[in-house]
Amino acid sequence: MFYENKIWMANDGDEKLCMIPGMMNRHGLIAGATGTGKTVTLKVLAESLSDAGVPVFLADVKGDLAGMCEPGENTEDMQKRIAAFGLDREGFAYRTYPVQFWDLEGKNGLPLHTTVSEMGPLLLSRLLRLSDLQSDILQIIFRVADEQNLLLIDTKDLRAMIQYVAENNAEFSAQYGNMTKQSLNAILRAVVSLETQGGETFFAEPAIDIHDWFRRDSDGRGYINILDARSSIQNPVLYSTFMLYLMSELFEQLPEKGDADKPEIVFFFDEAHLLFDHATPLLEEKIGQVVKLIRSRGVGIFFITQNPADLPDAVLSQLGNRIQHALRAYTPAEKKKIRAAARSFRENPAFDTETVLSELGTGEAIISFLDGNGIPSVVQRAKILPPQSKLGTISESARKYQVSSSDLAEKYNDFFDRDSAYEFLRRKNAVLAQAAAEERAQQEAEKQAEKDARDRDKENAKKTKRYQSAAGSIAKTAAGTVGRELGNAVGSSVGGKFGKKIGGNVGASLFRGIIGTLFGGR
Ligand SMILES: Nc1ncnc2c1ncn2[C@@H]1O[C@H](COP(=O)(O)OP(=O)(O)OP(=O)(O)O)[C@@H](O)[C@H]1O
Ligand SMILES: [Mg+2]
């Protein structure tokens with residue numbers, strides 16, 4: 001509950017235990033065994049932040065956070081709690097909160113989409129469960145796309161790009177290093193498998209504009225952005241990779257900000273242990289860096305998990321505000337984890353943390369918040385306040401109404417498919433295919449022309465032969481006639497055999513001249 005500019009979370013006896021809004025960007029942890037009150041604690045915290053004018057983003061893995069858009073119900077249990085905390089004197093009221101639902105699949109909230117290039121090769125490799133080698137190749141594919149100004153928006157762009165690199169593998173391998181056919185095939189198969197699991201719907205436009213999470217209602221209360229993760233949690237890698245992506249978006253898009261009296265936004269990461277399952281050392285290192293640096297952007301991150309031991313030390317050591325619900329220990333390994341969780345708190349001489357940790361009831365916790373100087377308080381045993389909005393979930397029709405009546409509905413429901421790598425490469429292939437077809441047609445035409453010419457030559461040669469033989473006999477006859485006549489004439493003047501001989505040669509050469517003129521210039 002937002003109270004005297006502080007976030008009143010719990011009571012230790014009569015003492016109010018409050019978080020200082022200016023310390024919320026020092027992050028936090030809400031841990032505890034199942035059913036011990038983590039979700040209710042998260043609800044109380046989110047409501048208080050909203051009242052303080054701070055928007056929040058949280059993932060709802062069970063659907064029981066949706067109740068924040070409806071007022072709390074005046075049950076007997078609630079009346080008892082209100083009386084126990086003296087809340088009726090402090091302005092507690094059952095009330096609704098400004099809520100915006102989001103959904104990766106676009107069914108139970110506005111579609112929360114992104115593009116392949118926005119997600120980047122590192123997170124995408126995790127999503128596709130690629131090996132280190134395949135991940136390196138994916139980075140090259142992204143680089144080629146960048147250098148050729150090809151947009152990678154959806155999974156069909158990515159598939160087209162992988163195929164393009166595979167088709168021109170020799171050229172790209174020479175430029176960037178060897179990419180085996182098997183690796184490219186494996187990446188392609190991983191993309192197809194992601195599509196089969198419904199992954200193709202997450203990569204689309206319009207992509208999420210995280211600035212839409214920063215809205216406030218007319219009373220100045222921050223919006224509570226709820227990502228419906230009931231379905232996506234079935235695929236833990238998908239869920240955690242998207243959450244990590246959203247976290248990194250906040251880091252990349254928000255400007256650097258000095259210390260402030262309250263955070264810009266607080267991000268709640270439920271089932272946070274999933275983030276570190278199958279995480280490579282590189283990814284773990286990156287997560288650690290983001291958590292460390294995001295503070296300066298005015299972003300607070302709260303990790304919610306069953307046991308703090310689920311988180312790596314590099315992350316755990318950065319979580320300044322801690323609410324630890326009961327932990328149950330049945331095996332020596334579990335007892336060891338309780339001891340470790342207890343030791344992470346500043347000891348309180350009034351009680352033994354380890355013992356108390358296993359004794360806490362539902363809605364109880366051990367707590368340590370950062371004071372105004374950023375120093376963690378000694379651990380305190382406390383009862384968490386009840387929420388002002390409804391405990392549990394809402395009806396599907398109420399949810400549908402919330403989603404469809406949102407001011408952002410038009411913006412996010414209006415899908416578009418921009419010209420990107422897939423379309424460009426399809427066009428390029430079509431142009432190449434057309435050019436190849438034209439070249440083939442040209443070659444065919446040339447071949448045909450040559451053949452025609454050869455046939456004509458043959459035909460002409462035959463004709464020539466025929467003419468020659470015909471001409472030969474005509475010439476002989478004609479020459480004979482002419483020669484004889486000439487010879488006769490000459491002979492009659494010159495006399496005898498000599499005149500006949502000259503007449504024959506002259507006649508033959510005269511005929512060759514005529515044939516030459518008829519077929520000349522071929
Ligand atoms: N601070 C509280 N005020 C009122 N009721 C509470 C409080 N904390 C817990 N409860 C009650 O306990 C129930 C279980 O709490 P909650 O759902 O928060 O547990 P959880 O730790 O989130 O469990 P899980 O790990 O299964 O998600 C709630 O439905 C509610 O009835
Ligand atoms: Mg819960």
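We count ligands from 1, going down the list as the structure has it; atoms in each ligand are counted the same way.
- Counting non-hydrogen atoms of other residues, nucleotides and ligands closer than 6.0 Å to CZ of Phe351 gives a total above 12.
- The shortest heavy-atom distance from Gly32 to ligand 1 is not under 4.0 Å.
- Comparing Val44, Thr362, Thr41 against atom 9 (C) of ligand 1, the shortest heavy-atom distance belongs to Thr362.
- For ligand 1, the atoms sitting less than 4.0 Å from at least one non-hydrogen atom of Leu385 are 1 (N), numbered in the order shown with element in parentheses.
- For Glu15, the CD atom counts as densely surrounded, since its 6.0 Å shell holds more than 12 non-hydrogen atoms of other residues, nucleotides or ligands.
- Among Met78, Arg81, Lys383, His325, the residue whose heavy atom lies closest to atom 6 (C) of ligand 1 is Arg81.
- Contacts of Lys62 with ligand 1, taken as heavy-atom pairs under 4.0 Å, involve the side chain alone.
- A cation-pi arrangement is found for Arg221 relative to Tyr97, the charged atom lying closer than 6.0 Å to the ring centre and inside a 45° cone about the ring normal.
- Annotation: Thr39 places an N or O atom under 3.5 Å from an N or O atom of ligand 1; distance criterion only.
- Per-residue contacts place Pro386 under 4.0 angstrom from the following atoms of ligand 1 (heavy atoms of the residue considered): 3 (N).
- Salt bridge status for Asp407 with Arg215: present, with a side-chain N to carboxylate O gap under 4.0 Å.
- Close approach of ligand 1 to Ile384 (heavy-atom distance below 4.0 Å) involves ligand atoms 1 (N).
- Put simply, Thr34 stays out of reach of the Mg ion (ligand 2), with no N, O or S atom under 2.8 Å from it.
- Taking the ring centre of Phe101 as origin, the terminal cationic atom of Arg399 falls inside the region bounded by 6.0 Å and 45° from the ring axis.
- A centroid separation of 6.0 Å or more is found between the aromatic rings of Phe57 and Phe268.
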